[in-house]
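Quick note on labels: first sequence line is chain A, next is B, and so on, each numbered from 1.
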There are 2 protein chains.
Amino acid sequence: MSDFDLRDFLPYVLNMAAEQSSIEFQKLYKDRYGMLRTEWRVLFHLGRYGTLTAKEICDRANMHKTKVSRAVARLESRRFIARQEVEEDRRHERLDLTKAGQAAYADLSAAAQAFDAKLAAQFSPEEEAILRRCLTRLAALPKV
Amino acid sequence: MSDFDLRDFLPYVLNMAAEQSSIEFQKLYKDRYGMLRTEWRVLFHLGRYGTLTAKEICDRANMHKTKVSRAVARLESRRFIARQEVEEDRRHERLDLTKAGQAAYADLSAAAQAFDAKLAAQFSPEEEAILRRCLTRLAALPKV
DNA sequence: CCTTGTTAGTTACATTTTCAACTACTACCT
DNA sequence: AGGTAGTAGTTGAAAATGTAACTAACAAGG
């Protein structure tokens, strides 16, 4: 029997940390706007980067196209985003935030920023810098 | 419009890192043993810590009791674990790995250890130490 | 013993996610 | 032009998860 502990297993600890740190923020977009995590992510991408197609959101957010498709459908039905056909290639649709979508994004991204600061406050500046650098590398890696 | 980027939002980056780093290991327990993540975690706890009740696994793994209940049911049906009634209090059931369960645990925990080393190898010893420390703190936090 | 409260674990149902087609459109090749 | 292949996005069924209600067992006070 090996003595390798789950608490030493990065995928496990990353998952626990991700879950724990998500709980509080999840309440915000859930309670205030009735959004799911997928929807909040789509909203955020459009708010931060402007007009995008669903495919572009898939690529940037590492989300499967069915997830994005359903998130977009729900966000549209709640008037947070609007679709617009692309003349040159009618397979694409440009997605944009509506006024309501922009307002929700402004509210939630400010809350996210504040929450991030609160999370980061428990570390020293050096720790925080290294943590963010390591996480970025782990998150980006296409294949280990 | 705020300039706060999702890539600076710890819950998001943690989630991406967790997902990315889980993919490769997931293949192992899925393809070799047909397990789900919940099942692998239950197996791991029993393999690492010996006999436990479902409740104890819930507490240690931060898993909801329905998840554990279902994971145990599936693992039992595949003969990876065995239940044993507790005489003193018949609400409890002691859970143990069978021979097959122990073999699966030995195989998978060795693979996990090797995979963890591979992940950690992309960081310097200092980075790795700080990363693990920060993650442990983030994962443990009961309420931010 | 009987009531009330608590705990371990399961089950049922609604919500989400995943997987595999499927439609509609564009691109390329001859 | 016509055939083949590829891409963007949607849909439906199956799998997994979350929530809440449930059963069975214990505990403690009267």
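- Counting non-hydrogen atoms under 4.0 angstrom, A:His64 reaches nothing in the nucleic acid.
- Taking atom CD on B:Glu19 and atom P on C:dT17, their separation rounds to 11 Å, with Å as the unit.
- One cannot find a donor-acceptor pair under 3.5 Å joining the base of C:dT16 and the side-chain atoms of A:Arg37.
- Taking the six-membered ring where the residue is Trp, A:His45 and A:Tyr49 present tilted rings, their angle falling between 30° and 60°.
- Taking the nucleotide of DNA chain C with the nearest heavy atom to each of A:Leu36 and A:Thr66, the more 5' of the two is matched to A:Leu36.
- Under the 4.0 Å criterion applied to side-chain N and carboxylate O atoms, B:Glu128 and B:Arg132 are assigned as salt-bridge partners.
- A close approach under 4.0 Å does occur between a side-chain nitrogen or oxygen of B:Arg83 and OP1 or OP2 of C:dT10.
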**OP:** Check step by step if salt bridge (charged side-chain N to carboxylate O under 4.0 Å, His left out) holds for A:Lys67 and A:Glu39.
**Re:** CA-CA 9 Å; A:Lys67 264 191 191 175; A:Glu39 293 164 32; over 6 Å; no
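- Within the nucleic acid shown, B:Lys65 comes within 4.0 Å of at least one base atom, counting heavy atoms only.
- Nearest to the side-chain atoms of A:Asp89 among the listed nucleotides C:dC25, C:dT10, C:dG9 stands C:dC25.
- In this structure, A:Arg74 places its CZ atom 9 Å from C1' of C:dT15, rounding to the nearest Å.
- Taking the six-membered ring where the residue is Trp, B:Phe25 and B:Phe115 present parallel rings, their angle staying beneath 30° rather than reaching 60°.
- Atom-to-atom, CG of B:Leu75 to P of C:dG9 comes out at 15 Å; the value is rounded to the nearest Å.
- Along DNA chain D, the nucleotide nearest to A:Lys30 and the one nearest to A:Arg70 differ in position, and the one closer to the 5' end is contacted by A:Arg70.
- Regarding B:Arg94, its CZ atom lies at a distance of 10 Å from the P atom of C:dG9, rounded to whole Å.
- Rounded to whole Å, atom P of C:dT17 lies 16 Å from atom CG of A:Asn62.
- Sequence order on DNA chain D of the closest nucleotides to A:Ala54 and B:Thr38 puts A:Ala54 first from the 5' end.
- Here C:dA27 presents its P atom at 6 Å from CZ of A:Arg91, a figure rounded to the nearest Å.
- As a whole-Å value, the separation of B:Glu56 CD from C:dG9 C1' is 14 Å.
- Every side-chain contact (heavy atoms from CB on, under 4.5 Å) that A:Ala100 has, sequence neighbours left out, goes to A:Phe80, A:Thr98.
- The pair B:Glu127-A:Arg137 counts as a salt bridge, with a side-chain nitrogen and a carboxylate oxygen less than 4.0 angstrom apart.
- Listed by chain and residue number, nothing satisfies the side chain to side chain donor-acceptor pair (under 3.5 Å) test with B:Arg78 (two or more places apart in sequence, or in another chain).
- Picking from C:dT11, C:dT17, C:dT26 the nucleotide with the shortest atom distance to the side chain of B:Ser69 gives C:dT11.
- Note that the first and last nucleotides of DNA chain D, 5' to 3', having any atom under 4.0 angstrom from a heavy atom of chain B are D:dA16 to D:dC26.
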